[in-house]
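Here is the structure we will look at.
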Amino acid sequence: MAKIIIIIALVLSSCAHRSKNFMSQGNTFIKGGSNKDSTWSDSLEFKRASWYKELTLVADVWISDISPQSPFYSWISENGKKKLEQCQQRLLTFSYVLDSSMYPLTSLVSQIEAAGGRKIALSSFKDRLKLHSDYERKSLRLYEFNAFCFNSSTREIIVKLPNFKSLKLNL
């Protein structure tokens with residue numbers, strides 16, 4: 001009986017020392033929208049990666065490749081569209097971190113820039129998104145919005161966070 005208790009104690013203690021950090025990947029959507037006199041039911045699809053420490057979300061990244069044919073493109077100002085005309089690929093990102101001293105958002109921006117992205121301002125898109133029902137429903141007010149221009153087509157972004165495995169996001 002004592003041997004069984006010792007074996008159970010060893011198994012349980014070995015489980016306690018394993019890392020409880022994990023990641024998940026999937027897709028999320030912003031559904032429908034409107035601009036001036038037009039409305040649409042199309043969705044803007046984002047690749048999503050989430051990092052957890054135990055059951056706490058510590059970081060979350062959404063990345064979408066928006067094309068000029070998307071109805072959501074109408075949310076971009078004329079000045080923003082001129083900037084985007086020069087891009088072969090246009091990425092929109094939403095980034096969240098629980099503690100920016102441990103997981104700085106600037107690190108994500110630097111990683112996308114290292115992959116060839118150039119950060120551009122699209123404040124009109126964010127302003128229109130703030131009026132969308134998904135903005136509050138998905139707590140996007142907690143996220144930082146960025147847009148990036150790539151001169152060549154990018155098929156993947158590798159995201160690295162301390163104490164987690166590197167994650168390859170296929171676009």
Side-chain angles (χ1 to χ4, degrees), residues 19 21-31 33 42-53 56-132 134-171:
S19 172
N21 294 349
F22 67 96
M23 300 173 287
S24 69
Q25 290 187 68
N27 297 327
T28 190
F29 302 88
I30 294 175
K31 298 178 182 171
D42 300 45
S43 294
L44 182 58
E45 181 179 2
F46 288 84
K47 300 286 183 182
R48 183 177 187 180
S50 306
W51 290 263
Y52 296 87
K53 183 174 183 175
T56 303
L57 178 66
V58 294
D60 196 25
V61 175
W62 299 15
I63 298 178
S64 180
D65 184 355
I66 188 168
S67 77
Q69 290 73 37
S70 169
F72 290 93
Y73 202 79
S74 69
W75 286 357
I76 299 170
S77 69
E78 289 305 316
N79 188 35
K81 288 177 183 175
K82 286 180 185 173
K83 292 177 190 176
L84 292 175
E85 283 175 358
Q86 305 163 13
C87 309
Q88 186 171 350
Q89 188 173 27
R90 303 143 197 91
L91 295 184
L92 305 177
T93 67
F94 288 97
S95 310
Y96 164 82
V97 292
L98 178 64
D99 182 354
S100 61
S101 66
M102 290 180 66
Y103 307 103
L105 286 172
T106 54
S107 174
L108 173 68
V109 170
S110 297
Q111 290 173 51
I112 293 174
E113 289 175 336
R118 180 174 41 88
K119 189 175 170 181
I120 57 174
L122 293 181
S123 58
S124 64
F125 185 91
K126 184 177 180 181
D127 291 342
R128 290 192 173 101
L129 181 63
K130 286 179 182 179
L131 302 173
H132 194 282
D134 283 346
Y135 188 80
E136 282 302 318
R137 185 178 16 244
K138 296 184 181 217
S139 299
L140 290 175
R141 61 182 160 62
L142 302 174
Y143 288 68
E144 180 180 302
F145 171 75
N146 285 301
F148 295 91
C149 173
F150 285 82
N151 293 331
S152 61
S153 184
T154 302
R155 297 286 174 229
E156 64 186 28
I157 300 281
I158 298 174
V159 182
K160 299 175 187 175
L161 287 177
N163 299 320
F164 290 92
K165 292 180 182 178
S166 295
L167 180 65
K168 191 182 298 184
L169 284 172
N170 296 315
L171 303 173

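No hydrogens, no waters, no symmetry mates; every other heavy atom, side chains included, goes into these values. Being a predicted model, the structure only gives us computed values, none of them experimental.
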Inset, instruction - Given side chain to side chain contact (heavy atoms under 4.5 Å, CB included), test L84 with L122 step by step and report yes or no. - result: CA-CA 10 Å; L84 292 175; L122 293 181; 4.1 Å; yes
Inset, instruction - Determine, stepwise, if the pair L57 / L98 fulfils side chain to side chain contact (heavy atoms under 4.5 Å, CB included). - result: CA-CA 7 Å; L57 178 66; L98 178 64; over 6 Å; no
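Taken from CZ in F94 to OG in S139, the straight-line distance is 12.5 Å, to the nearest 0.5 Å. To the nearest 0.5 Å, atoms NZ (K160) and OG (S110) are separated by 12.0 Å.
The aromatic rings of H132 and F72 lie tilted to each other, with the angle between the two planes from 30° to 60°. Between Y96 and Y143, the ring planes are tilted. Angles from 30° to 60° get that label. Using bins of under 30°, 30° to 60° and over 60° for the plane-to-plane angle, the ring pair F145/F125 lands in the parallel bin.
In terms of modelled atom types and a separation under 3.5 Å, the side chain of R48 and the main chain of T28 share no donor-acceptor contact. Using modelled atom types, no side-chain atom of Q89 and backbone atom of D65 make a donor-acceptor pair closer than 3.5 Å. Between the side chain of S50 and the main chain of D60, no donor-acceptor pair closer than 3.5 Å is present. Checked by atom type and distance alone, the side chain of D134 pairs as donor or acceptor with a backbone atom of K31 at under 3.5 Å. Of the possible polar contacts, none joining the N146 side chain to the V109 backbone as a donor-acceptor pair under 3.5 Å is found. Panel note: side chain S74, backbone P71; a donor-acceptor pair is recorded below 3.5 Å. The main-chain N or O of W75 is found under 3.5 Å from a side-chain atom of S124 such that the two form a donor-acceptor pair.
You'll find the side chain of V58 stays beyond 4.5 Å of the side chain of D99, heavy atoms only.
A pairwise comparison of heavy atoms in F148 and G117 identifies CD2-C, 4.4 Å as the closest pair.
Few gaps surround NZ on K81; more than 12 heavy atoms of other groups in view lie less than 6.0 Å from it. Summarising the local packing, NZ of K83 is surrounded by more than 12 heavy atoms from other residues, nucleotides or ligands at distances under 6.0 Å.
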